[in-house]
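To keep things clear, I will list the structure first and then write my remarks on it.
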Amino acid sequence: MSTRQLSDANAAPTPVTGMVLLIDDQQFVGEAMRRLLADASDLAFHFCVDPLEAIETANDIAPTVILLDLVMPNADGLELLRRLRANEPTAETPIVVLSTKEDARVKQEAFANGASDYIVKLPDRIELLARVRYHSGACLNQRRRSQIAAALCASQRALAERVSELQAAMEEIELLQQSKADFYSIVTHDLRNPAGNVRVATKMLLEGKAEPLMPKQRQFVEIASNAAEKLMRLINDYLDYAKIDAGYLHLDREATDLVEVARRAASTAALQAGVKNLRLSVDVPAAGVVAIADGAKLEQALENLLSNAIKYTEAGTITLSLHAGNERARLTVADTGAGIDPKLIPTLFAKYHRLTGEATRAAPGTGLGLLIAKEIVEAHGGHITATSTGVNGKGTSFVIDIPRSAPAAPVENARAPVAG
């Protein structure tokens, strides 16, 4: 048995695209077929003289067309045809049966058992080449289609698996987000009630609602009162962030006087500034400045900025100013503190971020105040920026820029609310 490349020695090499397997017990037929196909440089030829080895040989070389003799002393050609069709590697391979004569009955049986074509041997060279190339080309095309289909199926399976994994991951993330939001709500509520009770009780003691306090007692009560105030601010920050993190920040938009918003925020911060002997200056227009906004949440954003300014300023002035144009308004909080390294400003609005250094080491807080302020401002369709030279005494300025009219599409997230 041998495999031969059928090509003209004087012609340029042509890539082999087909493999012809001849199964015939006669050596002279094999040589004759080789000669008939000798100029077909695109075809390789393999001759199997023993029909008992035909299936094993076909499995080894994967022919694109099989030429099968129907009359062989050691095998029934029709039975071998049926076995080739039952053999998975050759089940779809074109099989051209070879017969010594035209016989309608034999031809009918051959096609009934899976033959692709029928040729009387030895055929005309041109006819043989045409039929072999036709069937070989059809086989190659079918194999390419099968490979493409298999690759497509594999890609689709991989894609489906990936989509399923992503869906499972998204569901897990949603569960984690909901669990986190639930945790924030439960913890902050469970903490806020006792913290509120401590704040009220210490306030009553300091105001003399009970027996007058001795100086040492007042000192301890003031410590407890300050701690309760700080604890309430921490709890409120966490609860506000829980709402933001859950994607729910609802704005009650209505005509709001920004002058009143600024004054209320300054009034809230005045006590904190007074404790540190800082001057709190408010520079707002005499006339009202109306914007379509959520006044309570803007006031909260300003309180966060003022609180930060006071915490990080040891001497000097905190200034809150309001400047309004026809379409937009700017609220600025400036301090005379140590300032911030300009390289650190891009990180200011990250959650839980707190500056480090001598000026900030003892400052309490969650690191959420600026993030909450940013989310509130952006929900109004505005933006918040910070500027600083980093020079001690020059401080830092935070500017809130918002539209005075409500945007056409409110910038709100409509996911399920978090209690609080």
Side-chain angles (χ1 to χ4, degrees), residues 1-9 14-143 146:
M1 294 187 289
S2 65
T3 300
R4 301 174 186 174
Q5 171 72 45
L6 302 178
S7 62
D8 188 335
T14 302
V16 174
T17 57
M19 169 65 73
V20 180
L21 172 61
L22 171 64
I23 303 171
D24 196 300
D25 65 311
Q26 300 179 77
Q27 289 284 356
F28 82 90
V29 173
E31 180 61 20
M33 286 294 190
R34 185 195 69 77
R35 292 176 180 273
L36 288 173
L37 299 173
D39 293 333
S41 57
D42 58 327
L43 298 170
F45 178 79
H46 193 92
F47 176 41
C48 178
V49 72
D50 186 351
L52 299 179
E53 298 178 358
I55 292 180
E56 182 179 354
T57 300
N59 291 344
D60 288 341
I61 68 173
T64 55
V65 61
I66 297 173
L67 303 178
L68 172 62
D69 185 18
L70 286 182
V71 180
M72 292 177 286
N74 296 330
D76 181 346
L78 290 175
E79 174 59 27
L80 182 53
L81 174 60
R82 286 190 291 270
R83 289 173 58 201
L84 286 166
R85 282 288 173 248
N87 178 47
E88 184 176 354
T90 57
E92 301 296 331
T93 304
I95 300 176
V96 180
V97 297
L98 303 176
S99 181
T100 56
K101 61 180 179 178
E102 282 282 352
D103 187 320
R105 183 186 61 79
V106 173
K107 188 181 293 188
Q108 185 272 333
E109 288 183 357
F111 284 118
N113 285 279
S116 305
D117 206 344
Y118 184 99
I119 295 179
V120 176
K121 64 179 182 182
L122 291 168
D124 175 78
R125 176 182 175 278
I126 294 176
E127 178 185 0
L128 177 65
L129 271 175
R131 290 177 184 250
V132 166
R133 281 183 169 139
Y134 170 79
H135 290 299
S136 182
C139 181
L140 288 170
N141 288 336
Q142 179 58 42
R143 287 178 183 176
S146 298

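Side chains included, hydrogens not; waters and symmetry mates left out as well; all remaining heavy atoms used.
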Least distance between heavy atoms, [X] atom then [Y] atom:
X	Y	result
Ala54	Leu21	O-CD2, 4.4 Å
Thr93	Ser116	O-OG, 4.4 Å
Leu22	Val29	CD2-O, 4.1 Å
Leu78	Ala110	CD2-CA, 3.8 Å

As an exercise, state the distance from [atom1] of [X] to [atom2] of [Y], rounded to the nearest 0.5 Å.
X	Y	atom1	atom2	answer
Ile23	Asp69	CD1	CG	9.5 Å
Leu129	Ser136	CG	OG	11.0 Å
Lys121	Leu128	NZ	CG	13.0 Å
Asp24	Cys48	CG	SG	10.0 Å
Leu80	Leu52	CG	CG	9.0 Å
Gln26	Met33	CD	CE	11.0 Å

Open item on the list: Take a 6.0 Å sphere around CZ of Arg35 and say whether it holds more than 12 heavy atoms from other residues, nucleotides or ligands.
Closed with: no
Task: Tyr118 atom OH: more than 12 heavy-atom contacts under 6.0 Å - done: yes
Open item on the list: For Arg131, give me all partners under salt bridge (Lys or Arg N to Asp or Glu O under 4.0 Å), at least two apart in sequence or on another chain.
Closed with: Asp117, Glu127
- [ ] Taking salt bridge (Lys or Arg N to Asp or Glu O under 4.0 Å) as the test, write out the residues that go with Glu102, two or more places apart.
- [x] Lys107
TODO: Apply side chain to side chain contact (heavy atoms under 4.5 Å, CB included) to Glu92 and list each qualifying residue two or more places apart in sequence or on a separate chain.
DONE: none
Between [Y] and [X], is there a side-chain heavy-atom distance shorter than 4.5 Å?
X	Y	result
Val65	Cys139	no
Val96	Val132	no
Phe47	Glu31	no
Val71	Thr100	no
Ile95	Arg85	yes

Open item on the list: Would the distance check show the side chain of Thr64 and the main-chain N or O of Leu140 forming a donor-acceptor pair, the cut-off being under 3.5 Å?
Closed with: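 No, Thr64 side chain to Leu140 backbone: no donor-acceptor pair under 3.5 Å.
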Task: Heavy-atom donor-acceptor pair, Asn87 side chain to Arg83 backbone, under 3.5 Å - done: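 Not a single qualifying donor-acceptor pair exists.
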Open item on the list: Tell me whether Glu109 is salt-bridged to Arg105, with the criterion being a basic N under 4.0 Å from an acidic carboxylate O.
Closed with: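 So Glu109 pairs with Arg105 through a salt bridge.
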